[in-house]
Student: 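Got a structure for you, written out below as structure tokens; questions coming shortly.
From a predicted model like this one, the values you see are computed outputs, not experimental measurements. Note that the numbering runs from 1 along the sequence shown for the chain.
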Amino acid sequence: MQTNVLYYGDNLDMLRRYMPGESVDLVYLDPPFNSNASYNVIFKDESGNRSDAQLLAFDDTWHWGPDAERQFLYLTNNTYNEGRVPSEVTALVGAFHSGIRPSPMLAYLVEMAVRLVELHRVLKPTGSLYLHCDPTASAYLKVLLEAVFGP
């Protein structure tokens, strides 16, 4: 694995393409929070005062659609994921699907779950993972982390 490299792109793709198993000591994860809000970059003028100029940085909104459905099928179908998803994750994501139905929250959770499975794969047994989140989905994420990493 090449070191001192910055990868730019979807972290799921980067994890799968470039990161060998058990190669990472520390993961600090600061994902979107599923806040259902849009965030802007606000510019300042030469004097440091706030300007009317803004640029959309990102939308923290999630929708159940083809991408979320594809991730859900990957997480819950052992033939599709070729056994790379722990059975606890498969069961939990299936329960989420039954309990909260296809929804923005479920779309967020399947996108997080598929990434957490890959992060677990690349994390060394002695490694640490820190997940920064807010109350919007923290209870779901805690249960999901326990399914991926164990209680």
Side-chain angles (χ1 to χ4, degrees), residues 1-44 48 50-51 53-97 104-151:
M1 179 177 77
Q2 196 174 11
T3 59
N4 297 319
V5 175
L6 177 63
Y7 296 98
Y8 181 79
D10 183 333
N11 64 354
L12 184 59
D13 183 47
M14 299 299 120
L15 285 164
R16 289 177 171 165
R17 288 176 60 192
Y18 299 110
M19 304 299 296
E22 297 185 355
S23 62
V24 175
D25 291 304
L26 174 67
V27 172
Y28 177 79
L29 190 57
D30 187 3
F33 292 167
N34 193 28
S35 64
N36 200 30
S38 296
Y39 295 92
N40 296 322
V41 175
I42 299 174
F43 297 97
K44 295 183 179 181
R50 194 173 154 146
S51 167
Q54 295 185 42
L55 176 68
L56 179 64
F58 70 95
D59 279 323
D60 186 11
T61 57
W62 301 85
H63 307 282
W64 189 263
D67 290 337
E69 183 72 29
R70 188 175 62 252
Q71 299 300 10
F72 172 76
L73 291 173
Y74 174 82
L75 291 165
T76 58
N77 185 322
N78 284 336
T79 302
Y80 187 42
N81 67 45
E82 299 175 342
R84 290 186 291 253
V85 176
S87 59
E88 296 85 356
V89 174
T90 297
L92 180 62
V93 170
F96 283 161
H97 189 275
M105 180 60 79
L106 184 60
Y108 176 75
L109 292 171
V110 298
E111 292 293 343
M112 289 297 296
V114 73
R115 285 160 174 78
L116 288 169
V117 166
E118 286 300 317
L119 288 168
H120 182 257
R121 180 187 64 79
V122 303
L123 196 62
K124 291 179 180 177
T126 56
S128 297
L129 179 135
Y130 293 86
L131 173 60
H132 180 200
C133 62
D134 77 348
T136 306
S138 62
Y140 292 110
L141 291 172
K142 181 184 184 312
V143 175
L144 185 55
L145 284 166
E146 288 184 359
V148 174
F149 291 91

Student: Apply side chain to side chain contact (heavy atoms under 4.5 Å, CB included) to Tyr8 and list each qualifying residue two or more places apart in sequence or on a separate chain.
Tutor: none
Student: Can you list the residues that meet the side chain to side chain contact (heavy atoms under 4.5 Å, CB included) rule with Arg84, with sequence neighbours excluded?
Tutor: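 Scan of Arg84 (side chain to side chain contact (heavy atoms under 4.5 Å, CB included), adjacent residues dropped) gives Tyr74, Glu82.
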Student: Give the minimum heavy-atom separation between Tyr28 and Asp30, together with the two atoms involved.
Tutor: CE2-CB, 3.8 Å
Student: What residues, two or more places apart in sequence or in another chain, satisfy side-chain hydrogen bond (donor to acceptor under 3.5 Å, both in side chains) together with Asn81?
Tutor: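 Asn81 satisfies side-chain hydrogen bond (donor to acceptor under 3.5 Å, both in side chains) with no other residue.
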Student: Can you sort out the partners of Pro104 under side chain to side chain contact (heavy atoms under 4.5 Å, CB included), two or more places apart, ordered by chain and number?
Tutor: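 With neighbours one apart ignored, the set is empty.
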Student: Please check: side-chain N/O of Thr90 versus main-chain N/O of Leu75, any donor-acceptor pairing under 3.5 Å?
Tutor: yes
Student: By side-chain hydrogen bond (donor to acceptor under 3.5 Å, both in side chains), which residues pair with Asp13, not counting sequence neighbours?
Tutor: Arg17
Student: Listed by chain and number, what are the salt bridge (Lys or Arg N to Asp or Glu O under 4.0 Å) partners of Glu146, not counting sequence neighbours?
Tutor: Lys142
Student: Could you pull out all residues at least two apart from Glu22 that satisfy side chain to side chain contact (heavy atoms under 4.5 Å, CB included)?
Tutor: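 Partners of Glu22 under the side chain to side chain contact (heavy atoms under 4.5 Å, CB included) test: Pro125.
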Student: Evaluate His97 against Val110 for side chain to side chain contact (heavy atoms under 4.5 Å, CB included), listing each step before the verdict.
Tutor: CA-CA 9 Å; His97 189 275; Val110 298; over 6 Å; no
Student: Where do Ala113 and Val93 come nearest, in terms of heavy atoms and distance?
Tutor: CB-CG2, 4.2 Å
Student: With sequence neighbours excluded, what pairs up with Arg115 under the salt bridge (Lys or Arg N to Asp or Glu O under 4.0 Å) test?
Tutor: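 Testing Arg115 for salt bridge (Lys or Arg N to Asp or Glu O under 4.0 Å), a comparison that skips the adjacent residues, returns Asp10, Glu111.
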Student: Which pairs, with at least one residue in residues 123-136 and sequence neighbours excluded, count as a salt bridge (Lys or Arg N to Asp or Glu O under 4.0 Å)?
Tutor: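 Sorted result for residues 123-136: Asp25-Lys124.
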